[in-house]
Amino acid sequence: MKLAPMIERVFLGWDQPFLLPAVAWLLERRDELPRMLVVVPTAQSGRRLREALAESAGALLAPKVVTPGSFLQTDDETIAGDWVDHVAWVEVLEGVADWSEYEALFPEKPGEGSDWAGGLAREMVKLRRSLQENGLTLSIAARKLRETVEAERWDALGRLEDLVEQRLKSWGFKSRSRALAEGLKLPPEISHIVLAGVADLPPLVERGWQAWDGKVTALVGAPENEAEAFSPIGRPLPAWA
């Protein structure tokens, strides 16, 4: 079994604003910056970091700066947007001929009102989106819950989802849920990920970094004598926070 490399934590202290020692640490490694991915808590903190790097070093090849949520997005045109996902759900729901196959999920046949499929499709899209940050689809969730009292309901959800995925595939798309479930994909030009004061991560992203072959460093805004109060990725533990 292949072991994932350990994430290195670097403690920058708390006797000055986090941005200052973080910028200094990055500039000490300016030759690595073009192949570095710096993850910051918010878009605003990313803008401040880029400005501080420019002020301190002038023209340099800056690192790519992103937020944790950006890993759940994609520019891939084959990944269906929410509206495409919605249309696929509507067509699948409207095409169900025998609702007895989904009785555990719908004890009574749905279909009241002119937009019943649209309303139900919106709920399905929302449910799938809520699972994405864990890298789960409805089908995967159904397998994980097969020994619970909700097993039949989730099995029905998973079977409907399979029909939606087939519909999307016939249109030349893949759902974002399915793409994320296949694992986190990092840019090939990146060799070093730096977490700069990031205290909260989607579980899918955290697992992806821990399994990545490249180098990962977590910059922590605390002195090293507080190390036991932080997780392996530099998140404050509940007892400390």
Side-chain angles (χ1 to χ4, degrees), residues 1-50 52-53 56-57 60-74 131-136 140 144 179-241:
M1 178 180 177
K2 182 180 178 181
L3 296 177
M6 181 177 296
I7 295 175
E8 179 188 8
R9 297 182 302 174
V10 175
F11 291 88
L12 301 179
W14 52 33
D15 56 347
Q16 57 183 323
F18 178 80
L19 180 64
L20 299 179
V23 167
W25 187 91
L26 290 169
L27 290 178
E28 289 173 0
R29 295 155 181 81
R30 65 181 63 211
D31 291 341
E32 298 178 40
L33 294 183
R35 296 181 60 81
M36 190 179 287
L37 182 68
V38 181
V39 186
V40 295
T42 65
Q44 172 71 2
S45 59
R47 182 184 63 80
R48 292 182 62 197
L49 176 64
R50 285 189 290 267
L53 285 170
S56 299
L60 83 167
L61 292 175
K64 183 177 177 62
V65 181
V66 300
T67 62
S70 68
F71 292 92
L72 303 182
Q73 307 301 319
T74 178
L131 296 175
Q132 286 175 2
E133 70 173 25
N134 286 285
L136 298 175
I140 294 174
K144 290 179 176 293
L180 292 173
E182 292 173 354
L184 190 66
K185 294 179 176 60
L186 295 168
E189 69 274 13
I190 296 301
S191 62
H192 188 177
I193 294 174
V194 177
L195 313 182
V198 177
D200 191 25
L201 292 173
L204 169 66
V205 176
E206 183 171 345
R207 291 198 305 269
W209 290 341
Q210 290 176 336
W212 187 52
D213 288 335
K215 184 178 181 181
V216 182
T217 302
L219 303 182
V220 185
E224 193 161 3
N225 60 14
E226 294 283 346
E228 293 184 359
F230 292 84
S231 76
I233 64 161
R235 179 192 294 118
L237 298 176
W240 184 86

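Bear in mind that the values here come from a model prediction, so they are computed numbers and not experimental data.
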(request) Step through the shown structure and confirm whether more than 12 heavy atoms of other residues, nucleotides or ligands are within 6.0 Å of CD on Gln16. (result) yes

(request) Nearest 0.5 Å please: distance from the CG atom of Leu53 over to the CZ atom of Arg48. (result) 12.5 Å

Review item, side-chain donor-acceptor pairs of residues 37-45, under 3.5 Å, at least two apart:
residue: Thr42; atom: OG1; partner: Ser45; partner atom: N; Å: 3.1
residue: Thr42; atom: OG1; partner: Ser45; partner atom: OG; Å: 3.1
residue: Gln44; atom: OE1; partner: Arg47; partner atom: NE; Å: 3.4
residue: Gln44; atom: OE1; partner: Arg47; partner atom: NH2; Å: 3.3
residue: Ser45; atom: OG; partner: Thr42; partner atom: N; Å: 3.0
residue: Ser45; atom: OG; partner: Thr42; partner atom: O; Å: 2.7

(request) Assess whether side-chain contact (heavy atoms from CB on, under 4.5 Å) is satisfied between Leu136 and Lys144, documenting all intermediate values. (result) CA-CA 10 Å; Leu136 298 175; Lys144 290 179 176 293; 3.6 Å; yes

(request) Compare all side-chain heavy atoms of Val194 with those of Pro63 and state whether any distance is below 4.5 angstrom. (result) no

(request) Output the distance between atom CD1 (Ile233) and atom CG (Leu201), rounded to the nearest 0.5 Å. (result) 4.0 Å

(request) Grab the two heavy atoms, one from Pro68 and one from Val205, that are nearest each other, plus how far apart they are. (result) O-CG2, 4.0 Å

(request) Rounded to the nearest 0.5 Å, what's the gap from NZ on Lys215 to CD1 on Ile7? Could you check? (result) 13.0 Å

(request) Check step by step if side-chain contact (heavy atoms from CB on, under 4.5 Å) holds for Leu26 and Met36. (result) CA-CA 10 Å; Leu26 290 169; Met36 190 179 287; 3.5 Å; yes

(message) Looking at Arg35 and Ile190, would you say the former's side chain and the latter's main chain have a donor-acceptor pair under 3.5 Å?
(response) no

(request) Could you pull out the closest heavy-atom pair between Leu237 and Ser231, with the gap in Å? (result) CD2-N, 3.8 Å

(message) To check you understand the geometry: which heavy-atom pair defines the closest contact between Gly46 and Val65, and what is its length?
(response) CA-CG1, 3.8 Å

(request) Would you check if the side chain of Arg9 reaches a backbone N or O of Phe230 as a donor-acceptor pair within less than 3.5 Å? (result) yes

(message) Run the side-chain contact (heavy atoms from CB on, under 4.5 Å) test against Glu182 and tell me which residues pass, sequence neighbours left out.
(response) Lys174, Arg178, Lys185

(message) Can you list everything that forms a side-chain contact (heavy atoms from CB on, under 4.5 Å) with Leu204? Sequence neighbours excluded, please.
(response) Leu72, Leu180, Arg207

(message) How close do Val23 and Ala52 get, counting heavy atoms only, and between which atoms?
(response) CG2-CB, 3.6 Å

(message) Nearest 0.5 Å, please: how far is CH2 in Trp212 from CD1 in Ile193?
(response) 4.0 Å

(message) As an exercise, state the distance from CD1 of Ile140 to CG of Leu131, rounded to the nearest 0.5 Å.
(response) 9.5 Å

(request) Can you measure from CD (Glu224) to CD (Glu226) and round to the nearest 0.5 angstrom? (result) 11.5 Å

(request) Report the residues that fulfil ring-ring contact (aromatic ring centres under 6.0 Å, His included) with Phe18, sequence neighbours left out, ordered by chain and then residue number. (result) none

(request) Would you name the heavy atoms of Ala199 and Pro236 that are closest together and state the gap between them? (result) CB-CD, 4.0 Å

(request) Using the test side-chain contact (heavy atoms from CB on, under 4.5 Å), find all partners of Ala24 that sit at least two apart in sequence or belong to another chain. (result) none

(request) Work out which heavy atom in Gly208 is nearest to a heavy atom in Leu184; give both atom names and the distance. (result) CA-CD2, 4.0 Å

(message) Show every side chain to side chain donor-acceptor pair (under 3.5 Å) that has at least one partner inside residues 186-197, sequence neighbours left out.
(response) Glu32-His192, His192-Thr217

